[in-house]
Amino acid sequence: MADKKADLAGPGISTYPEVEKILPTDYRSLLDPKETQRAITAAKRYIEDHLCKELNLFRVEVPVDCGRGQWSQRLSGP
């Protein structure tokens with residue numbers, strides 16, 4: 001993707017002007033930004049947990065190596 005702005009509104013919607021066309025002009029979120037973040041996180045976790053259960057999988061989380069090599073050294077041994 002050459003233009004990052006096209007991806008800012010999220011998957012399925014191309015740009016903020018496109019979002020503005022879809023939402024009613026008097027739209028106001030019922031949640032503040034922090035509550036919205038918590039609700040999205042909870043919904044994502046619910047979907048992941050239940051999808052794993054249905055597919056007989058388990059969830060794995062691993063640390064991210066930020067370029068300093070500390071985590072990769074710990075994971076690969078002494």
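Residue numbers run from 1 in the order of the sequence given.
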Notebook entry, point to check: Does E35 have any salt bridge (Lys or Arg N to Asp or Glu O under 4.0 Å) partners at least two apart in sequence or in another chain, and if so, which?
Noted result: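 Partners of E35 by the salt bridge (Lys or Arg N to Asp or Glu O under 4.0 Å) criterion come out as none, since no residue qualifies.
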
Margin query: Once salt bridge (Lys or Arg N to Asp or Glu O under 4.0 Å) is applied, do any residues pair with R45, and if so which ones, sequence neighbours excluded?
Written below: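 So R45 forms a salt bridge (Lys or Arg N to Asp or Glu O under 4.0 Å) with D49.
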
Next item on the list: Taking side-chain contact (heavy atoms from CB on, under 4.5 Å) as the test, write out the residues that go with L23, two or more places apart.
Entry: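 Expected list: V19, Y27.
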
Note to self: My understanding is that only residues two or more places apart in sequence, or in another chain, count here; which of them pass side-chain contact (heavy atoms from CB on, under 4.5 Å) with L57?
What the structure shows: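 In terms of side-chain contact (heavy atoms from CB on, under 4.5 Å), with neighbours along the sequence ignored, L57 is linked to C52, L55.
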
Next item on the list: Any salt bridge (charged side-chain N to carboxylate O under 4.0 Å, His left out) involving residues 19-30? Give me the pairs, sequence neighbours left out, ordered by first then second residue.
Entry: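 Qualifying pairs: E18-K21.
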
Next item on the list: Kindly write out the residues that satisfy side-chain hydrogen bond (donor to acceptor under 3.5 Å, both in side chains) with K34, not counting sequence neighbours, or none if the list is empty.
Entry: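 K34 satisfies side-chain hydrogen bond (donor to acceptor under 3.5 Å, both in side chains) with no residue once adjacent residues are dropped.
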
Margin query: Could you measure the distance from the CD atom of Q37 to the CG atom of L31? Nearest 0.5 Å is fine.
Written below: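 Nearest 0.5 Å value for the CD-CG distance: 12.0 Å.
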
Next item on the list: Please collect all ring-ring contact (aromatic ring centres under 6.0 Å, His included) contacts where either partner lies in residues 36-56, sequence neighbours excluded, each pair once.
Entry: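 Sorted result for residues 36-56: Y46-H50.
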
